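Remember, it's a predicted structure, so these values are computed and weren't measured experimentally. Excluded from the calculations below are hydrogen atoms, water molecules and symmetry mates; all remaining heavy atoms, backbone and side chain alike, are included.
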Amino acid sequence: MAALAYNLGKREINHYFSVRSAKVLALVAVLLLAACHLASRRYRGNDSCEYLLSSGRFLGEKVWQPHSCMMHKYKISEAKNCLVDKHIAFIGDSRIRQLFYSFVKIINPQFKEEGNKHGNIPFEDKIASVKVDFLWHPEVNGSMKQCIKVWTEDSVAKPHVIVAGAATWSIKIHNGSKEALSQYKMNITSIAPLLEKLAKTSDVYWVLQDPVYEDLLSENRKMITNEKIDAYNEAAVSILNSSTRNSKSNVKMFSVSKLIAQETIMESLDGLHLPESSRETTKVLNREQTDEWKGWMQLVILIYHISGASTFLPVYMHIRVLVAAYLFQTGYGHFSYFWIKGDFGIHRVCQVLFRLNFLVVVLCIVMDRPYQFYYFVPLVTVWFMVIYVTLALWPQIIQKKANGNCFWHFGLLLKLAFLLLCICFLAYSQGAFEKIFSLWPLSKCFELKGNVYEWWFRWRLDRYVVFHGMLFAFIYLALQKRQVLSEGKGEPLFSNKISNFLLFISVVSFLTYSIWASSCKNKAECNELHPSVSVVQILAFILIRNIPGYARSVYSSFFAWFGKISLELFICQYHIWLAADTRGVLVLIPGNPMLNIIVSTFIFVCVAHEISQITNDLAQIIIPKDNSSLLKRLACIAAFFCGLLILSSIQEKSRH
């Protein structure tokens, strides 16, 4: 009966609504929507998308999606053709200056952010007859009014486009007082008629203030709260929208940057200005590039393992450089995070340690393998803790503190020098190293076959590379903060002469290292020199990959995908792809090696990806953000593993 009712109902629906009916309905919908858009265009005027300034959503990756239309990304030639014989004026504070620089770099990507920050900044492209000015007026006051008033006079040439806005300085200078807000309302009321007059012949935009990230604000900016910024924005909107008797003001409200900032301000360096990630920049060793780097390196290492190429010394030495490059990225990435964010909370540490060790710990328990068997994970874990302790110990020196006083840069260099001294001491004092890591319970983690020699050898082989990564990150971030580097999309990192010189040195260094690695006589000799010279190959690759703007701006999504699961690929190869503790190859299809490797590789990669997702999901559940809950869980985990270690020790004694 149920089947009969279903068939009757199905026939009834098909009778009234067929595929043809659906197509007719779609055509009607298209015609209606086209008519609505046409009517809307006619009603609203020539502005094809006023939502471009007011509403939309930030999709990430520097993409802003307005409602009802798409943004066109202008090429340099298109921008110049569009702006020929135009004069654009930006007037306001440092936030308006950010917009000015972003705008100018569309016309000239090589234009550098330099000069007096608290002064006017001119730009002119004589070939295209484009003139763009930034006028420093950080407060809505008499000075800004006078500047705007001059443009309203008939004898003075008016800018074709005016972008203005200010508020944060008024909040800062007057300590967020109510009197300052009242004065701001009076001043913007007196300026509003002038802007409205200019808007009859020019395009005038008033930029609403972006929110701030209050936790990152320096002490002299703590009074700039989002509550006060909202109050200033409300005042600007209400006054400028009511400054004309007409139904609609000619002054356009520019609120896009405010909406973008709501999504990106947490990545800001100072909590006040938009982060570089929301502007057209491509940073050195950006996330996409490091993922790509890790991806192709991991694939090379996997091929090296499955092909048994360790007997060829030149191949072995280049693989050693790839492992060192992973550790270099560890030093660079985690140092950059702690230096910029100053986030030394236990939550961050636990998340990283969980991400690194979850799979390995499970395999150690299930497969009955020592922790040191998966040597790379202990290596990265220890170096992460070294980076954390170095920066977290007193005095805690972070970028925000160092920017206020250059003395702190010297203090951080002293910390790094002390770290290097400790590394040298442990590297050349095997006895001291073994005493430290032979203590219980460390010995349970770092012993292999009853001693810690293997751990000492592995650690010593790449002992300087994490330090080199930290030092590179420090120098890079210091140069970036002083605006020595040009990280605009498509532009070289330095001036043309310096860029060409460094590229030449890098290529020569790269080739020199390759020749040396190929001429090495034996592993002992190569391993002895490797800690000191591997950084040459790594730095050469980084400079070749990042100095040219076009090379820094692109990456392989294929390799980046593998880079995101590189840790799981490295660990899973021991049990899914290889066999007999990496001394053999897993055979699923006997008698057909090619088909076997294809099938096992497919399974191997799928499992690694799934484990990566599971680990990330578990990290969110097991590592709570609340410190008290986190400490309780850590205590339970510590008690569990202490119990396992005690049982393991008892079992070993009973065997002997």
Side-chain angles (χ1 to χ4, degrees), residues 287-288 290-306 322-323 325-327 329-330 333-334 347-385 445 556-589 596-625 630 633-634 636-637 640-641 644:
R287 180 62 182 270
E288 293 83 5
T290 54
D291 280 341
E292 177 210 76
W293 193 9
K294 287 190 291 186
W296 68 256
M297 284 194 302
Q298 184 59 61
L299 292 179
V300 170
I301 291 171
L302 290 173
I303 293 168
Y304 166 80
H305 283 166
I306 203 165
L322 297 186
V323 175
Y326 269 100
L327 294 171
Q329 289 185 48
T330 298
H334 290 300
H347 177 261
R348 164 70 181 176
V349 179
C350 290
Q351 273 204 325
V352 174
L353 293 179
F354 183 89
R355 175 78 175 82
L356 288 172
N357 291 275
F358 169 72
L359 177 58
V360 167
V361 170
V362 170
L363 288 173
C364 286
I365 296 170
V366 174
M367 303 297 294
D368 191 23
R369 294 290 186 274
Y371 182 56
Q372 193 54 223
F373 176 74
Y374 309 93
Y375 72 93
F376 186 71
V377 173
L379 202 58
V380 176
T381 300
V382 168
W383 280 117
F384 168 73
M385 291 306 300
C445 295
S556 167
S557 57
F558 174 80
F559 288 121
W561 187 86
F562 284 100
K564 290 174 183 176
I565 59 170
S566 58
L567 179 69
E568 287 74 21
L569 288 172
F570 183 86
I571 299 167
C572 289
Q573 68 172 316
Y574 285 84
H575 304 291
I576 299 176
W577 210 38
L578 303 175
D581 292 345
T582 73
R583 288 189 293 272
V585 177
L586 181 66
V587 177
L588 299 176
I589 305 174
N596 179 74
I597 199 69
I598 291 171
V599 173
S600 63
T601 300
F602 176 75
I603 295 170
F604 164 54
V605 172
C606 290
V607 171
H609 185 267
E610 185 63 24
I611 290 174
S612 177
Q613 289 188 324
I614 291 170
T615 304
N616 289 328
D617 292 341
L618 284 176
Q620 304 300 321
I621 299 168
I622 295 175
I623 312 295
K625 292 184 178 180
L630 178 57
R633 290 192 186 182
L634 288 178
C636 294
I637 292 169
F640 172 74
F641 281 109
L644 283 181

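- Atom CG of N357 sits about 10.5 Å away from atom CZ of F384, to the nearest 0.5 Å.
- For H334 and W383, the gap between ring centers reaches or exceeds 6.0 Å.
- Electrostatic pairing of E288 and K564 does not count as a salt bridge here, judged by no charged N lying under 4.0 Å from a carboxylate O.
- To the nearest 0.5 angstrom, I565 atom CD1 is 11.5 Å from T615 atom OG1.
- In this structure, E292 contributes its side chain and S556 its backbone to a donor-acceptor pair below 3.5 Å.
- Rounding to the nearest 0.5 angstrom, the gap separating the CZ atom in F570 from the NE2 atom in H305 is 6.0 Å.
- Between the CG atom in L630 and the CD1 atom in I637 there is a gap of 8.0 Å [rounded to 0.5 Å].
- Side-chain contact between V349 and M385: present, with at least one pair of heavy atoms (C-beta onward) separated by less than 4.5 Å.
- Considering all non-hydrogen atoms of both residues, L634 and C350 come closest at CD1-SG, 3.6 Å.
- Of the possible donor and acceptor atoms, none in the side chain of S612 sits under 3.5 Å from a partner among the backbone N and O of A608.
- The environment of CZ in R287 is sparse: at most 12 heavy-atom neighbours from other residues, nucleotides or ligands sit within 6.0 Å.
- Counting heavy atoms from C-beta on, the side chains of V377 and Y371 come closer than 4.5 Å.
- At distances below 3.5 Å, at least one donor-acceptor pair connects side-chain atoms of N596 with backbone N or O atoms of L586.
- Rounding to the nearest 0.5 Å places CG of L299 at 13.0 Å from NZ of K294.
- Rounding to the nearest 0.5 Å gives a distance of 11.5 Å between CD of Q573 and OG1 of T601.
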Next item on the list: Determine, stepwise, if the pair L359 / C572 fulfils side chain to side chain contact (heavy atoms under 4.5 Å, CB included).
Entry: CA-CA 9 Å; L359 177 58; C572 289; 4.0 Å; yes

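- Side-chain contact between I597 and I306: present, with at least one pair of heavy atoms (C-beta onward) separated by less than 4.5 Å.
- Between I571 and F376, the closest side-chain pair of non-hydrogen atoms is not below 4.5 Å.
- The closest donor-acceptor contact from the side chain of Y326 to the backbone of Q298 lies under 3.5 Å.
- Taking the side chain as every heavy atom from C-beta outward, F604 and L569 approach each other to under 4.5 Å.
- Considering all non-hydrogen atoms of both residues, L567 and R355 come closest at CD2-O, 3.4 Å.
- F354 and F358 have parallel rings, their planes meeting at less than 30° on a 0 to 90° scale where 60° marks the start of perpendicular.
- Contact between I623 and H347 at its shortest, heavy atoms only, is O-NE2, 3.5 Å.
- Put simply, the side chain of I603 reaches to within 4.5 Å of the side chain of L588, judged on heavy atoms.
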Checklist line | Residues V605, W561; criterion side chain to side chain contact (heavy atoms under 4.5 Å, CB included); working and verdict | finding: CA-CA 11 Å; V605 172; W561 187 86; 3.8 Å; yes

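- Residues M297 and V300 form no side-chain contact, since every pair of their non-hydrogen atoms from C-beta on lies 4.5 Å or further apart.
- Panel note: side chain R369, backbone L363; no donor-acceptor pair is recorded below 3.5 Å.
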